[in-house]
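Model, not experiment: these values are computed from the prediction.
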Amino acid sequence: CLSLFLLGLIDNAALTPLAAVGAGISAPTGLVRAGLIVVAVAGVLAGAFVLFLPRLVCHPRLERFKFMRWVAEHATTPQEAARAWSLVAVSWVLRVLAVFVLLDALAIRTSIPLALGFLCASAAAAALPIAPAGGVAQAGAGAALLVAAGVHASEATAFAVAAQGM
């Protein structure tokens with residue numbers, strides 16, 4: 001359970017560079033830029049939490065709780081977290097390339113910044129706690145970003161649905 005939670009935090013931290021670059025070069029509107037900045041800041045905080053968790057649970061005031069002792073036994077070391085972060089970051093880069101290829105295959109405006117923005121918007125929507133409709137929220141957020149970037153709404157929706165299959 002804790003390892004799955006930490007993996008989610010590491011996934012968010014690995015998205016930080018992409019969200020920061022997306023906010024800098026691919027945000028079509030100020031609102032989208034603000035959303036990407038929020039994703040980047042959340043990733044920095046998630047990474048900091050993962051890195052400092054082993055030190056936090058060894059604090060004398062927290063060490064006396066049984067739950068904290070359990071967390072201390074199952075916490076990821078900073079070296080393991082860095083290794084996991086690098087693997088997850090590589091997977092995000094591969095996802096960006098896959099979205100780029102899909103944009104080209106469907107003859108939609110092909111650009112790396114647009115692929116970055118699409119993935120960041122979809123990933124941010126995945127954080128919403130709506131389990132049955134999670135895929136719909138991801139597709140909707142990605143389609144909304146494409147529409148904001150000037151892609152026709154029907155093409156953006158079709159692309160977002162196709163991208164959910166990846």
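- Scanning both residues, A13 and P17, for their nearest heavy atoms gives O-CD, 3.7 Å.
- A chain of hydrophobic side-chain contacts below 4.5 Å, direct or via other Ile, Leu, Val, Met, Phe, Trp or Tyr residues, connects W85 to F49.
- Between A89 and A14, the shortest heavy-atom contact is N-CB, 3.8 Å.
- Counting all heavy atoms, side chain and backbone alike, V147 lies closest to A153 at CG2-CA, 3.7 Å.
- Rounded to the nearest 0.5 Å, atoms CG (L146) and CD (E155) are 10.0 Å apart.
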Please walk me through it: do L18 and L15 pass side-chain contact (heavy atoms from CB on, under 4.5 Å)? CA-CA 5 Å; L18 298 177; L15 185 60; 4.1 Å; yes
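- Contact record, A40 with A19: N-CB, 3.9 Å, taken as the closest heavy-atom pair.
- At a threshold of 4.5 Å between side-chain heavy atoms, the hydrophobic network of Ile, Leu, Val, Met, Phe, Trp and Tyr places L106 and L116 in one connected group.
- V44 is not connected to F5 by any chain of hydrophobic side-chain contacts under 4.5 Å among Ile, Leu, Val, Met, Phe, Trp and Tyr, and they are in different clusters.
- Taking the side chain as every heavy atom from C-beta outward, L9 and L6 approach each other to under 4.5 Å.
- Tracing side-chain contacts under 4.5 Å through hydrophobic residues (I, L, V, M, F, W, Y), one reaches V88 starting from V21; they form part of the same cluster.
- Across all their heavy atoms, F118 and A143 have their closest contact at CE1-N, 4.1 Å.
- One distance of note links CG of L97 with CG of L102; it measures 12.5 Å at 0.5 Å rounding.
- Expressed to the nearest 0.5 Å, how far CG of L114 lies from CZ of F159 amounts to 7.5 Å.
- Residues L7 and W92 are members of one and the same hydrophobic cluster, defined by side-chain heavy-atom contacts under 4.5 angstrom among Ile, Leu, Val, Met, Phe, Trp and Tyr.
- Nearest heavy atom pair, residue L119 against residue V96, reads CD1-N, 3.2 Å.
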